[in-house]
Amino acid sequence: MSTLELQDKVAIVTGAASGIGAAIVRLFVKAGARVVAVDTDTNLTSLAHSLADGQHDRVAAVVGDVSQEETARAYTKAAIDHFGRVDVMINNAGIACVKPIADHTPEEWDRVMNVNVKSIYWSARYVIPVMKPQGSGLFLNTGSISSVCGMPGQGAYGPSKGAVVQLTRQMAIDYASFGIRVNAVCPGTVDTPLLQKAAVDSGDAAGFLRGLEQGHPIGRIAAPEEIAEFFVFLSSNRARFFTGAVLMIDGGFSAS
Ligand code: NAD
């Protein structure tokens, strides 16, 4: 990978304070991009501080909840005010709540759907009007193996990630003629705080993690950087023929 593969591209990354999102921000900045990093977690400030000298002016932080309209308004405005355009919108923030569907409270169902799915609608409402006059743009939406496989305890999470796939296809069709492309990246299990929380919530953390490792034919789970590298490739000019694609990066999980 050329270190300047994303030179001067402007990306908005949600869920940027932890796990896959934090790795995306680090690799994007290293590849020459300028990034608006979005999260509810004020750790965004420490993410900005962890960047190397000379990289700080390449990241703008927006603290907000992606299920809320005002957050989409704020991150889009930040991208324009700081960097003048939006080339890549990465809808990565997501939450899991491990239980079978009938055990979810209505509040849990709504929360998972609003954070994982409605957030993409809000991003479209604010970012598409910026990309249309540019004549170009890319959305990357983080799905999951749960987008395409049924798995125990994914009551609201699985349907929410299934919706991410169909939103991706729908947007790809509606906006292709404007030069706007839309893809879904569906990781297998990745070693992040979200995974560790899901393991604890399952009531049998060790068994939960062992089962997931064994479910990946490749024999292990992924590191966040392995997923982030794929986001770099997809955001580069080398991946310009991808749109409407549902891209499994899952160590063979969905093949078995
Ligand atoms: P993580 O918990 O490490 O990071 C998610 C980040 O999103 C956190 O910093 C959190 O504060 C932020 N966030 C949560 N709700 C938010 C909201 N309403 N508004 C703004 N920010 C919010 O999780 P991760 O594992 O890095 O997950 C990132 C994405 O990858 C999620 O969409 C997740 O569903 C997906 N995913 C994860 C795995 C895995 O095994 N870890 C597998 C497949 C897909």
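As the structure lists them, so they are numbered: ligands from 1, and atoms in each ligand from 1. All heavy atoms count here, side chains included; hydrogens, waters and symmetry mates do not.
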Distance to 0.1 Å, residue and atom name: give those for the protein heavy atom nearest to [atom].
atom                    : value
atom 19 (N) of ligand 1 : Val66 N, 2.9 Å
atom 33 (C) of ligand 1 : Tyr157 OH, 3.5 Å
atom 24 (P) of ligand 1 : Thr192 OG1, 3.5 Å
atom 15 (N) of ligand 1 : Ile95 CG2, 3.6 Å
atom 3 (O) of ligand 1  : Ser18 OG, 2.6 Å
atom 23 (O) of ligand 1 : Leu194 CB, 3.1 Å

Return yes or no for this condition: an N or O of [X] is under 3.5 Å from an N or O of ligand 1.
X      : value
Ser144 : no
Gly21  : no
Asp41  : no
Ile20  : yes

For [X], atoms of ligand 1 separated by under 4.0 Å from a heavy atom:
X      : answer
Thr189 : 40 (O)
Arg111 : 18 (N)
Pro193 : 3 (O)
Val115 : 15 (N), 18 (N)
Gly64  : 19 (N), 20 (C)
Asp65  : 17 (C), 18 (N), 19 (N)

Out of [options], who is nearest to [atom] when you count heavy atoms only?
atom                    : options                      : value
atom 30 (O) of ligand 1 : Thr142, Val62, Ile24         : Thr142
atom 42 (C) of ligand 1 : Ala17, Ala23, Gly188, Ser119 : Gly188
atom 22 (C) of ligand 1 : Val190, Thr40, Thr14         : Thr40
atom 5 (C) of ligand 1  : Gly94, Gly19, Ala22          : Gly94

Arg73, CZ: over 12 other non-hydrogen atoms inside 6.0 angstrom: yes
Ile80 CD1: over 12 foreign heavy atoms closer than 6.0 Å: yes
For Val190, the option from Ile227, Ile221, Leu195 that meets side chain to side chain contact (heavy atoms under 4.5 Å, CB included): Ile227
Point-to-point distance, once rounded to the nearest 0.5 Å, from CD1 of Ile90 to CD1 of Ile24: 4.5 Å
Contact partition for Lys161 relative to ligand 1, non-hydrogen atoms under 4.0 Å: side chain
Part of Asn116 within contact of ligand 1 (heavy atoms, under 4.0 Å): neither
Val164 backbone acceptor or donor facing Asn116 side chain under 3.5 Å: no
